[in-house]
Every structure is written in C-alpha cells, then in structure tokens.
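Written out below as structure tokens is the structure these notes cover.
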Protein chains: 2
Amino acid sequence: MKKKILISDIAKDLGVSVTTVSFILNGKAKEKRISEGLTKRVLAHVQKVGYKPNELAKSLRTGKTKIIGLVIEDISNPFFANIARLIETRAYSKGYRIIYCSTDNQPDKTIELIQLFRDRHVDGYIITPSEGVDDTIQSLINSQLPLVLFDRYIPGLATNYVVSDNVRGAYDATAHLAQQGYRRIALVTLYSSQTQMQDRMNGYMRAIDSYKLQPYVKKVNMGDDEETTVRDFHAFLQDQQPDAIFFATNYLAITGLKALKHYQTPLPGVVSYDDHTLFKLFTPTITAVSQPIEAIADELINVLLNQLDGKIKEVKQIVLPSELIVRESSRGRISSTTS
Amino acid sequence: MKKKILISDIAKDLGVSVTTVSFILNGKAKEKRISEGLTKRVLAHVQKVGYKPNELAKSLRTGKTKIIGLVIEDISNPFFANIARLIETRAYSKGYRIIYCSTDNQPDKTIELIQLFRDRHVDGYIITPSEGVDDTIQSLINSQLPLVLFDRYIPGLATNYVVSDNVRGAYDATAHLAQQGYRRIALVTLYSSQTQMQDRMNGYMRAIDSYKLQPYVKKVNMGDDEETTVRDFHAFLQDQQPDAIFFATNYLAITGLKALKHYQTPLPGVVSYDDHTLFKLFTPTITAVSQPIEAIADELINVLLNQLDGKIKEVKQIVLPSELIVRESSRGRISSTTS
DNA sequence: CTTTTTTGCTAAAACTTTTAATACCTACAC
DNA sequence: GTGTAGGTATTAAAAGTTTTAGCAAAAAAG
C-alpha cells in the first residue's frame, strides 16, 4: 500500500523529464536555466507527495555517502565516549553521520573494521590506530582517502593527526607530585609501543631527571583480566613501596584504585592521565591530566572536513595542550608534613 | 593506478558471464548447478585479484544493508555505552554493523534520526524512544520494519521491547532502605512521563506503602545545567531532611553526590538505579540497582535478528529482573545503631 | 530417431540516481 | 532566408551489482 515513490513518478506526474526533477532537487535549477515556474511546481509536488530520494542510489552514482567512519579503541571508555559524542554532534551539523566500531586495540579487528568501512564507501575516516596497522593506514593514504588519526599517531607516517601533548602532560603530572614532596613516584603504564604511551613514559622520565629522583615503573598487560591486574599491581606496591603513583590511563587508574581499596592500602599520592566525571567525587578527589576533548573533537572534524571539501592538501599534525587538574589525591605529602 | 575491479572484469578474465560469477559469489553455485571446476576457478581468481563487490550496488539491488540503526539516549552515559558495546559485538558476529546516534532524549532530534536511518535503509532499528515519538514509531511498525525498543516502551503500542523490571527494582531498593532502618526515604527523579521513570516511581511508592512510610519526592528538570540541579537538590535536602535517598538514574545519583560533597552534607543512605563501574570505589561504596546489561543486549539482538530472518511475527515484550547490589552507602542506619 | 528432462550457463532487466551531450525552440542579426 | 545565440528541457549512458527468465547442448526416455 505504501509504495515507495521514485523520482520517475514525480516526473511522470508533472509531465517533465527525470533529469529536470533531479536538477531542481539538487539546487541546480538556476545553473541549468530551468524556469522558475517549473522549479516551484516541482518543489511543491515533491513536498506534497513526500518524495525522498533513495540515498543508496544517490551514493552509488555520486560515490559520496555522507558518512564518516569512526574507528575507536573502546566506546565504553568515557574518554572515547565523550569524544565520540562531540564528534557526532559536530558532524551532524555539517550533514555527516557517524558509523563507529570499537577495536579493543586489536590489530586484526582494526584492520577488518577499516576494510569494512572501505567496503561501505565512507567518505572519511577518524581512527585511533592500534599497533601493527601501519600498512592499512598507508593504503588509505595511497588511495587519497580523507583521514585523521587521533589520541596517537604512527611515527614515520605522513598523515593528519590530532593528539594531546602527552610528554608535557606526563611531565606536569610527575613534576607536580615531586613538588608536593613525594619522592618514590611510580609510573603505571601498559606494555605498548603506541605513541601516547611512549610519550607519557618520556614525560615521566624527564620529570624524574629534572627532580633527580629514581624511576619506578610498573607495566601492565592490556589483555589481562582485571583480577589478575589487581593482584599484579598489588605485588608491585609491596615490592617497590612507592609513595605516589602516576597512572598512564584512566582505566589503569581505576583498576589501581580498586586494588588499593581491595587491599586496604593507605592511599599514596595519585594522578591519572585522562580525567573522569567521578574523579571529583572520590574521597579524596583524584588529580588528573585532563585532555581538551572539545578542542580535540573540533580539530578532528575541521581537519577531516577540509579534506572532504578538497580544500587542503598539506598534512596537518596538531598537538593540543593538556591541563593538570589538581585535586586532593596529590596533596597528601605536603599537608601531612605542614599540618 | 589502483583501478577498482568490477564483477564484469572477473567475468571477462575468465570468459564466463557476470551472472555465473555472481551466483558463485553468493553461494548459489550448487543451487544453480554450476560445475565444481568452474566454481573453484572463479573463487581462486577472485581471491587472486582481490575483488570485493561494491556493497552500495549490492544494497541498492537487494534492499539489504546489513546495518542496524541504534538510536540511543546518550552514548556518553556509561549504561548506554556499555549496552552499545555489547550490541556492537553481538551484531558484528552476525555480520551486521551498527550505526548510532544520540538523541539527548529530545523528540525532534529522535524523529530526525529515525528518518535518517530510514533514508539510509538500515535493516533494523534498536531505539530508546524519547517522549512524543509515538507516531514515528508507529510508522516504522506500519512499514513492517524490524524494530525493538529498550530501556522504556510506549504504552499502548504493540511493539517489541526489552526493559528491566523497573517497578521491582525500585521496590527492592526502597524496601532495602526501609529494612536498614531509614524512615525518611526520598526519591529523586525526573519530570518525565517515560515508562521507566513512571515504573520506578511506582516501585518506590509501593514500598513506601508496604512499610507505612511517608513519601518524599524531588523531581528534577532534565534540561537544567548541573549547577542549577545541584542547588535545587540541596534546597530539597534542607527543606525535607531525608535520611536516605533513592536516585532514579545513575546521572541523578552522580549529580546528587556532587551536591552532597559540595555542601559537605553528612551522607544519608544512598541507592542509585543503574550501577556504575566506580560506585564500588567510592567512600562509602554506593549501593545500586544493577540492570542485566548482557542479558538486555542478548535479547535485543535476538529479537531483532529473528525479525530480520523473517522468522517471527508475534510481538516480544521482554522484562528482565534487575539486581540490588548492596554496598556500604545504604547500611549507615543499622550499623550506627547496632555498633 | 524423436521427445522430454536435466545440466550448465547467459542475456537482460532491475534497483535509482546523476550528468554529459544534445535537441528544440525563439528571437535576432545579417 | 540563413546563421547564430541563448534559453529550456530531454535523451541516453553510467554507476555496480543481483536476479528472473530462458536457451543450447547433452543425457535420458520412449
């Protein structure tokens, strides 16, 4: 009963050609010198019968889908979820839609997902690359597809990216702990060769050097289940007895806090890379390095849109500053010695 | 240089017709009695040259996109993000992809998004309906499109849905507080006519009746910014002096906890509807009504897939039990009188 | 040796839109 | 009366696949 209306139906109804209708619908009436009277008549009729062009057929013909593929590490991580949310809003206002998938940071899944998006002919790609996807990314670049990486980049690959200043962020966090009087400042990070992790490590080490401290580093296996990590982390605490801990990601911080709570360990100084809505609710509130997520989302969309418009050819590599948000969890040492 | 390979190229290369190649690629070789030798030859060649069918053309012809549209209230809310994640994984394993958007619970945005998905010819819909979208949902049903609602449903509309037992969950939470010795138990909820909110209110009221207590209800405006809500909520505390609070959603709980912290109010008994990873890290840990998100995701995909397979015609309305997870935040009254 | 059935494959239509090329008309100049 | 220009709309091809209907040859049946 609810037969789908085609452009040919419109044309037949009004006794004009399909082409004419198409031109008018695509705003080329002026350019193609179609009379104003006809233009209005067609538009009115389209409105009346509620005709909507078949987007699939349109995409097939034009090669444009108005869809952006978002390949993200994990949508249930608040940092990524919030960025995704902002990207979505901005893309939406420009007439683009988002199709997303989570990679779990697994190379094969990432590669598969990117291939999938290619099959679907998405117009552009926003990607948090996992390790080992260099060739796949390179192939996107070779095919001249609009692309921007974020959160991390691939060294040696001349591609657009937007990241935060991880070295600086980690330096600030560590230096802050040092200034608060902590001496045995540990870094908890992942086994990972990704740039954001390397950079956070570098920033930490630089601060350790500046303040002439000893490094204490605990590396965690991403794939391990939480329980294992909790035990593993606890053993590290016992062994190295740090008086402050800098967690390289928010989920490491959360796991760490769970371990501290579970073993009822007296809380050392704590800073997390990446903020979390609830960190300001903890007792004590948790100091964090906060990435500028609005700015990141803005730049990502900007860079991508510029490519989609065919405007810009040069490679954009954007590094945005992070901000250290000092809360109670990193002020223990001072207050305990001064009060 | 990297000319896209077409099915016609494959056919030409091997000196067979396009039809034959298509049959083989779609697993109809047997059915169409194509010789095994040829089948193998074609498959081998396709493999060799790395031919991939154009999904758009395929979709245009078949009317199937293998995409599921997920219309969700807010992807940055952990409850929804986690469900989205699980749905994504399950859909992926069945060969379906997810395209999602957040509605912010705004009717016009919701309607627009659903229309968008229709334009894109998604194969099925998973939707958290906002208020005032009855007609839009009805029109999906009229068009016989695979559809399942979740988290809430639309009363009087015979459509598939998966929700948790909100009445029971709210009753249990409230009853638990009563059993712990709290007497002035408040409900903090939204101005909302959505079923999940109504049901939680009902559950609360039923428990209030069972235990012969007085109700104390604070309604909050969803659109307000957090600061306003915090002040508003604080005024309610001053005014009504509840000794325990049941928050009807996790973000209300978070806002409420912020208010309590900000005004340094002594913590009353607290229960939140919807759990949160970090609730077990709080001091005190927060009691919560936990929805069975795995089960919800499973059922959603099941119900949708059954429709997509054309198997089932009857309407499925599934209500899953929630679980009360008792933590420290709701045990104050007892322990303070007994210890 | 003819008719029927089976086997193995193909031509052409269908999906819906965009766009390059072109046709037709009118008016005007030469 | 022919050529030219400009305005208005159309024809037909193209995008890349799936699928319907059907054909020729070989095998089986009579």
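Just so it is clear, the values below take in all heavy atoms, side chains as well, and ignore hydrogens, waters and symmetry mates. Residue numbers begin at 1 in each chain, while the letters A, B, ... track the order of the sequences. It should be emphasised that the depicted structure is a prediction, and the values quoted were computed from it without experimental measurement.
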Subject >> Within the 6.0 Å centroid threshold, strictly below: Tyr100(B) and Tyr100(A) >> reply: yes
Quick one about [Y] and [X] (side-chain donor to acceptor, distance below 3.5 Å, no hydrogens or angles considered), yes or no?
X         : Y         : value
Ser59(A)  : Thr65(A)  : no
Thr103(A) : Asn105(A) : no
Tyr125(B) : Gln307(B) : no
Ser102(A) : Glu73(A)  : no
Thr136(B) : Ser139(B) : no

Subject >> Within residues 27-44 of chain B: residues closer than 4.0 Å to DNA chain C (heavy atoms) >> reply: Lys32(B), Arg33(B), Ile34(B), Ser35(B), Leu38(B)
**OP:** Check whether any side-chain N or O of Asn82(A) sits under 3.5 Å from a backbone N or O of Phe79(A) as a donor-acceptor pair, and report yes or no.
**Re:** no
**OP:** Would you kindly give the CD1-to-C1' distance between Ile5(A) and dC15(C), to the nearest whole Å?
**Re:** 17 Å
Subject >> Between P of dA21(C) and CZ of Phe23(A), the distance in whole Å >> reply: 12 Å
**OP:** Would you please test Asp74(B) and Arg85(A) for salt bridge (charged side-chain N to carboxylate O under 4.0 Å, His left out) and show each step?
**Re:** CA-CA 8 Å; Asp74(B) 177 8; Arg85(A) 192 75 173 66; 2.7 Å; yes
Original post:
Looking at DNA chain D, which of residues 6-18 of chain B put a heavy atom within less than 4.0 Å of it?
Top reply: Leu6(B), Ile7(B), Val18(B)
Original post:
Quick one: does NZ or CZ of Lys28(B) land under 6.0 Å from the six-membered ring centre of Phe23(B), within 45 degrees of the ring axis?
Top reply: no
Original post:
Are OP1 or OP2 of dT16(C) and a side-chain N or O of Tyr51(A) less than 4.0 angstrom apart?
Top reply: no
Original post:
Ile114(B) and Leu140(B): which non-hydrogen atoms are nearest, and at how many Å?
Top reply: CG2-CD1, 3.8 Å
**OP:** Tell me what Thr19(A) touches on the nucleic acid: a base, only sugar-phosphate, or nothing, going by heavy atoms under 4.0 Å.
**Re:** base
Subject >> Outermost nucleotides of DNA chain D that come under 4.0 Å of a non-hydrogen atom of chain A >> reply: dT8(D) to dG16(D)
